[in-house]
Amino acid sequence: MRIIRGIKGVKDIPPGQMPKWNVVEELAHHLAESYGFKEIRIPIFEQTDLYVRSIGGTTDIVEKEMYTFPDRDGSSLTLRPEGTAGVVRSFIEHNFTQDPTCKKLYYIGPMFRHERPQAGRFRQFHQFGVELIGTNSPFADVEVISLLWRYFSELQLPGLTLEINSLGEISDRQAYTENFIAFLKPKLKHLCGDCLRRVHTNPLRVLDCKIPQCQAATEDAPKLIDFLGQTSKEHFDHVLAGLDALSIPYSHNQRLVRGLDYYSMTTFEVSCSVLGAQNAIGAGGRYNGLFEVLGGKPTPAIGYAIGLERVLLALPESMVPSQKPWLFIASFGSSGSQVGLTLLDALRSVGIIADTDHNASNLKTLLRSADRLAAPYVLIIGDDEVSRNELILRNMKTKEQETIPLATATSILKGRL
Ligand code: HAM
């Protein structure tokens, strides 16, 4: 029979990688909770319209990257390409405004985008995201960025750069966009095909095109900062002052416009120099207009999402905990096997990690199996040991062996491991 293979860009996470995943996920839970965020689990798929309306019909995600399929009743469904839209939909639908514990939400889980797979870019990937809802205070922006920065710092990720910008309020952005289009008109011949299209659909995206000729064409573009109204300007200044107060290093990147339409005011992105082409490791911003777009009351909010596969790629080996000590039970012979079975259960009942190999039946194959599993300790129990009411504990690294009494083995081993 032909082997059925996994899907391109959709990775298995084998057991050997789980210790790393546990490190990054446990820290995400711990830090988010310590900042007062509560976990939310939103559905993996939603009505397509949710993403079209929130992310924007002319963005790359909606135009090219969504996994969209008809439900049996013909309605259109989409696998979530990101988490913010689902969180806001849930917040509006369940009227979380009434519940003060639902203003700071975080999520960890898979997202789906039909992108060209390459190192650090997958079709199913995982995000740790937070959303702080219901405040327009610049301190909220600082709090969210501080959580993002602390997360990366505690994981000791190397080569991080935080870039920040303000897109201003929607009216500021509109004024800027008109001016920017007028600036681009005489330069159209220098733009790449994608950017030529963007001029009509999503002009600000021309600013963060990575192609050198487009970057050169927009080098002298009008600056977004000059179009910020007083409110946006003051907000941005307060955010930067807050980051200075917390000693979070940043640079102001006037080209940072982000690829999702729901942003206004503060936007930010962290890149990691060890990641190569796909170096954006986390990003976010304010989305003060999104609630209305999704039929809710005007509600300011800000959040970010971090790509966990990219975090794993940058995670130093020293951050991965060494294997916890555990015991391999090498029991053989008729009474030895019987004692081995009850001992295995007794050890597990007091919290000791213990295992055996049911396919191995003599000492030689049992020890070979323990070696293959890299067991640090082996308990040897044959019929002879049972008749003497004792066990042999073997340290697989030093090869030292010691005899311990069977009756008190569980408590002795619990004290040691
Ligand atoms: P985003 O910039 O589209 O923002 O994605 C956030 C992060 O997810 C990226 O910086 C990257 O680390 C990771 N990521 C994105 N696409 C892929 C991929 N194909 N493979 C691997 N990693 C990927 C958002 O998703 C917004 N919802 C963030 C946000 C939350 N804004 C406000 N609240």
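Remember, it's 1-based here, ligands and their atoms both numbered in the order they're listed. If you read the sequence from its start, that first residue is 1, and numbering goes on from there.
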Using residues 115-133 as the side-chain source, report each donor-acceptor pair under 3.5 Å to any protein atom, sequence neighbours left out, with the distance given to one decimal.
unit_1: Gln118; atom_1: OE1; unit_2: Arg121; atom_2: NH2; d: 2.7
unit_1: Arg121; atom_1: NE; unit_2: Arg116; atom_2: O; d: 2.8
unit_1: Arg121; atom_1: NH2; unit_2: Arg116; atom_2: O; d: 3.1
unit_1: Arg123; atom_1: NE; unit_2: Glu115; atom_2: O; d: 2.7
unit_1: Arg123; atom_1: NH2; unit_2: Glu115; atom_2: O; d: 3.3
unit_1: His126; atom_1: ND1; unit_2: Glu309; atom_2: OE2; d: 2.7
unit_1: Glu131; atom_1: OE1; unit_2: Tyr287; atom_2: OH; d: 2.7
unit_1: Glu131; atom_1: OE2; unit_2: Thr84; atom_2: OG1; d: 3.0
unit_1: Glu131; atom_1: OE2; unit_2: Tyr107; atom_2: OH; d: 2.8

Of all the atoms in ligand 1, which lie at a distance below 4.0 Å from a heavy atom belonging to [X]?
X	value
Tyr263	26 (C), 28 (C), 29 (C), 31 (N), 32 (C)
Gly284	31 (N)
Arg310	11 (C), 12 (O), 17 (C), 18 (C), 20 (N), 21 (C), 22 (N), 23 (C)
Tyr287	32 (C), 33 (N)
Glu115	16 (N), 17 (C), 18 (C), 19 (N)
Arg121	19 (N), 20 (N)
Glu82	25 (O), 26 (C), 27 (N)

Quiz item: Taking Leu260 as the fixed residue, which of Val62, Asp60, Ile61 is the one that meets the side chain to side chain contact (heavy atoms under 4.5 Å, CB included) rule?
Solution: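 Passing option: Ile61.
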
Nearest non-hydrogen protein atom, [atom]:
atom	answer
atom 20 (N) of ligand 1	Phe122 N, 3.0 Å
atom 18 (C) of ligand 1	Phe125 CD2, 3.5 Å
atom 7 (C) of ligand 1	Ala305 O, 3.6 Å
atom 33 (N) of ligand 1	Glu131 OE1, 2.8 Å
atom 30 (C) of ligand 1	Thr84 OG1, 3.0 Å

Quiz item: Can you tell which of Tyr107, Tyr304, Tyr262 gets a heavy atom nearest to atom 26 (C) of ligand 1?
Solution: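 The residue whose heavy atom sits nearest atom 26 (C) of ligand 1 is Tyr262.
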
Is there a heavy atom of [X] sitting under 4.0 angstrom from any atom of ligand 1?
X	result
Leu260	yes
Arg258	yes
Gly120	yes
Gly129	no

If the threshold is 4.0 Å, N to carboxylate O, is there a salt bridge linking [X] and [Y]?
X	Y	answer
Lys20	Glu317	yes
Arg173	Glu169	no
Glu269	Arg258	yes

Check: [X] N/O within less than 3.5 Å of ligand 1 N/O:
X	result
Glu309	no
Ile281	yes
Ile302	no
Arg113	yes
Ala280	yes
Gly307	yes

Are there more than 12 heavy atoms of other residues, nucleotides or ligands under 6.0 Å from atom [atom1] of [X]?
X	atom1	value
Phe139	CZ	no
Tyr250	OH	yes
Lys11	NZ	no
Asp12	CG	no

Quiz prompt | Mode of Gln127 contact toward ligand 1 - side chain, backbone, both, neither (heavy atoms, under 4.0 Å) | solution =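 Within the 4.0 Å criterion, Gln127 contacts ligand 1 through side-chain atoms alone.
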
Quiz item: Is there a donor-acceptor contact under 3.5 Å from the side chain of Lys104 to the main chain of Tyr35?
Solution: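 Pair found, side chain donor or acceptor close to backbone of Tyr35.
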
Exercise. Please tell me if the side chains of Leu167 and Tyr176 come closer than 4.5 Å, counting only heavy atoms from C-beta onward.
Key: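 Answer no - side chains too far apart.
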
Quiz item: Under 6.0 Å between the ring centres of Phe37 and Tyr106?
Solution: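 No, the ring of Phe37 stays outside the 6.0 Å limit from the ring of Tyr106, centre to centre.
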
N/O donor to acceptor pairs below 3.5 angstrom from side-chain atoms of residues 288-298, sequence neighbours left out:
unit_1: Asn288; atom_1: OD1; unit_2: Arg286; atom_2: NH1; d: 3.0
unit_1: Asn288; atom_1: OD1; unit_2: Ala301; atom_2: N; d: 3.1
unit_1: Asn288; atom_1: ND2; unit_2: Asn136; atom_2: OD1; d: 3.1

Quiz item: What's the spacing between Ser54 OG and Asp261 CG if we round to 0.5 Å?
Solution: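 CG of Asp261 is found 9.5 Å from OG of Ser54.
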
